[in-house]
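Here is the structure we will look at.
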Amino acid sequence: MNLITTIMFIAIALSAILAIVSFWLPLILPDQEKVSPYECGFDPLGSARLPFSMRFFLVAILFLLFDLEIALLLPLPWGDQLPYPLTSFFWAALLLLLLTLGLVYEWIQGGLEWAE
């Protein structure tokens, strides 16, 4: 057998084994949390008109904001190869400064405190 055939055989065998294990493994011990359709912590059988926690919403928005920050700063290492690399570093530093000031403002206002 040549090298390509061996690699294809290993890849197909590994994929089949992982697929079989992924279908078989979750069926071993199903419990109430695994068979529940919701993973957010809310009671799925209760009323849908319950008041929503504003602090939970604020923390979720802050998480999305800082997740977006990482996505915006991801191409920063390639900024070295631009004709003017200091421009990309300036905008990245400005973005980090703006986000840091926003985080300090939220911290001072008490928006990051989960319990009172």
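The figures that follow rest on heavy atoms only: side chains count, while hydrogens, waters and symmetry mates do not.
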Subject >> Nearest-0.5 Å distance, CD1 of residue I70 to CG of residue L65 >> reply: 10.5 Å
Expected list for residues 85-100: side-chain donor-acceptor pairs under 3.5 angstrom, two or more places apart:
residue, atom, partner, partner atom, Å
S88, OG, P85, O, 2.8
T100, OG1, L96, O, 2.6

Subject >> CD1-CG distance between I108 and L103, expressed to the nearest 0.5 angstrom >> reply: 10.0 Å
Original post:
Tracing side-chain links under 4.5 Å among I, L, V, M, F, W and Y, which residues wind up in one group with L18?
Top reply: L14
Original post:
Taking a hydrophobic cluster as the set of Ile, Leu, Val, Met, Phe, Trp and Tyr residues connected by side-chain heavy atoms closer than 4.5 Å, whether directly or through intermediates, do F66 and L73 fall within one such cluster?
Top reply: yes
